[in-house]
Colleague: 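Below is a structure I'd like to ask you about.
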Amino acid sequence: MENDHIPFKSQVKKDLEPQEMLRIIFEYAAKIANERVLENVLMLMADMGREMIVSDRCTVWLLDTSKNELWSKVAHGLDEIRIPRSAGLVGYAVTHDKAVFIDDAYTNEQYKTYLLNGALSTDQQTGYRTKALMVIPFRNSQGEIMGAYQAINKLTECGQFTDKDMEYLTLASSYAGKSLESALLTSEIEETQKEIIFTMGEIGESRSKETGNHVKRVAEYSYLLALGLGMSKEEAELLKMTSPMHDIGKVAIPDSVLNKPGKLTDEEFKIMQHHTLIGYNLLKKSNRHILKTAAIVAYEHHEKWNGRGYPRGIKEEDIHIYGRITAIADVFDALGSERVYKKAWELDRILQLLKDERGEHFDPRVVDAFFRQLPAILRVREQYADATLENAADNQ
Ligand code: C2E
Ligand code: SIN
Ligand code: SIN
Ligand code: SIN
Ligand code: FE
Ligand code: FE
């Protein structure tokens, strides 16, 4: 068994002197306190724990009670990892509210089954050698278990984790606890906001009997157009979240107008046009960035590049770029879809209209981005097709 120390011999280290320990705590406590992004808090906590107890690896797991899973983020650029709540040693420790110490994962009998579907199967895939292992659950301020620290392989001469290490990790989790909880709350609120926004968009849609995936497609088209215009992924994501709300104001349009089978009279169309203002007024009161952006989209998605749109008749770059993008996404999708008042158009006819309206209804740059992105746009159109779309050709 002595040989098992060899992989670590080149990096044998000593436990920290009190001075070093303090330096690490100060350094990380300051960083963590300033960090709002949940994943970053997790990674900082993991680094802090790893340095404090001189382990080779350290991971912070969080319990997601809504999905009955444990999840973690181990590195920038990598996706979060998720495991069933009951999986592996971490699942065991969290479920039984118990700290677990293992001196050698390969000879341990007591936790063998947990190790086999956790650390040991990971080792098989990666060629890593897990020897010493420690899992320490930690709690939120209500005293509920919220996650666990997992440390692998102690880099000191003795090679084992001790009660002192457990105390250090418990200390680290309590320093980070407040930041972790507030980052968790922020992330939950953001998730909730996204869901509410999407749901509201769907309500606007269902009122006008535009069933199916209109909202989803407009979101994806807007995303692709934003990227095609050179916007960052973050900004494209923002537009993707908010463009589904463009017609939310339709909730307040009378059924007799909204779902009229035939052509609208001038007066009815005036009423219909109010959906832009209604949506804007619903959304603009919020201070949330996402909802403010959605307000712009609702307000400006029927403005035209040439100034002949509504509600304000503003033109060119006076129209927010998000409005100009959503305008194309919306019309492209509306034309390809059956409505109570019209059949779906064939693709060629739609593309011709976009070309004809380049510099009239639509911003020329956005039309150009549209055609650059056409292959991806058509993939989305296919992926989120409504049943009725398949019949589009028959409807001509
Ligand atoms: P929508 O049906 O989703 O259409 C969105 C936009 O796509 C329209 O904005 C228009 O720019 C374009 N579009 C849709 N169908 C056609 C078409 O057959 N030909 C052309 N050239 N463009 C089309 P718009 O015109 O401002 O209309 C806004 C909304 O008002 C429409 O959303 C729809 O809900 C309603 N609407 C417009 N016209 C009528 C109508 O004649 N009857 C009924 N019942 N509703 C209408
Ligand atoms: C959660 O743990 O509440 C979910 C957060 C996430 O999965 O990003
Ligand atoms: C739409 O998704 O916009 C229209 C749905 C339909 O009527 O096929
Ligand atoms: C829609 O795309 O559902 C509609 C309409 C609009 O642009 O107002
Ligand atoms: Fe609209
Ligand atoms: Fe729409």
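Note that the structure is predicted; figures quoted are calculated from it, not measured. Atoms within each ligand, like the ligands themselves, are counted from 1 in listed order.
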Colleague: State, yes or no, whether a side-chain contact exists between Leu62 and Leu180 at a heavy-atom distance under 4.5 Å.
Modeller: yes

Colleague: Should one rank Ala334, Ala327, Gly336, Gly262 by closest heavy-atom distance to atom 42 (N) of ligand 1, which comes out on top?
Modeller: Gly262

Colleague: Do Met146 and Leu184 make a side-chain contact, defined as non-hydrogen atoms from C-beta onward lying under 4.5 Å apart?
Modeller: yes

Colleague: Please enumerate all residues that pass ring-ring contact (aromatic ring centres under 6.0 Å, His included) together with Tyr280, with sequence neighbours excluded.
Modeller: Tyr299

Colleague: Quick one: angle Asp247 OD1 - the Fe ion (ligand 5) - His302 NE2, to the nearest 10°?
Modeller: 180°

Colleague: Thinking salt bridges, do Lys31 and Glu35 make one under a 4.0 Å N-O criterion?
Modeller: no

Colleague: Counting heavy atoms only, which part of Gln273 comes closer than 4.0 Å to ligand 1: side chain, backbone, both or neither?
Modeller: neither

Colleague: Closer than 4.0 Å to some heavy atom of Lys250 - which atoms of ligand 1 meet that?
Modeller: 32 (O), 34 (O)

Colleague: What N/O/S atom of His214 gets nearest to the Fe ion (ligand 6)?
Modeller: NE2

Colleague: Using a plain distance cutoff, I'd like to know if His275 has any nitrogen or oxygen under 3.5 Å from a nitrogen or oxygen of ligand 1.
Modeller: no

Colleague: Output the list of atoms in ligand 1 that are nearer than 4.0 Å to some heavy atom of Lys263, sorted by atom number.
Modeller: 41 (O)

Colleague: Which atoms of ligand 1 sit under 4.0 Å from any heavy atom of Met272?
Modeller: 29 (C), 30 (O), 34 (O), 35 (C)

Colleague: Heavy-atom distances under 4.0 Å decide this one: backbone, side chain, both or neither, for Leu335 against ligand 1?
Modeller: side chain

Colleague: State the atom name: nearest N, O or S atom of Asp330 to the Fe ion (ligand 6).
Modeller: OD1

Colleague: Which residue in the set Thr276, Ile314, Asp318 passes side-chain contact (heavy atoms from CB on, under 4.5 Å) when paired with Glu300?
Modeller: Ile314

Colleague: Under 2.8 Å from the Fe ion (ligand 6), is there any N, O or S atom belonging to His301?
Modeller: no

Colleague: Going by the angle between their ring planes, with limits at 30° and 60°, are His302 and Tyr310 parallel, tilted or perpendicular?
Modeller: parallel

Colleague: Cationic tip of Arg23 within the cone over Tyr28's six-membered ring, i.e. under 6.0 Å and within 45° of the normal?
Modeller: no

Colleague: Counting heavy atoms only, which of His302, Arg339, Lys343 is nearest atom 1 (P) of ligand 1?
Modeller: Arg339

Colleague: Heavy-atom count around Lys292 NZ within 6.0 Å, excluding the residue itself: above 12?
Modeller: yes

Colleague: Find out whether Arg308 and Glu360 are in side-chain contact, i.e. whether some heavy atom of one side chain is under 4.5 Å from a heavy atom of the other.
Modeller: yes

Colleague: Which of the atoms in ligand 1, numbered in the order shown and given with their element, are less than 4.0 Å from a heavy-atom of Tyr310?
Modeller: 24 (P), 26 (O), 27 (O), 28 (C)

Colleague: Show me which atoms of ligand 1 lie under 4.0 Å from any heavy atom of Lys342.
Modeller: 15 (N), 16 (C), 18 (O)

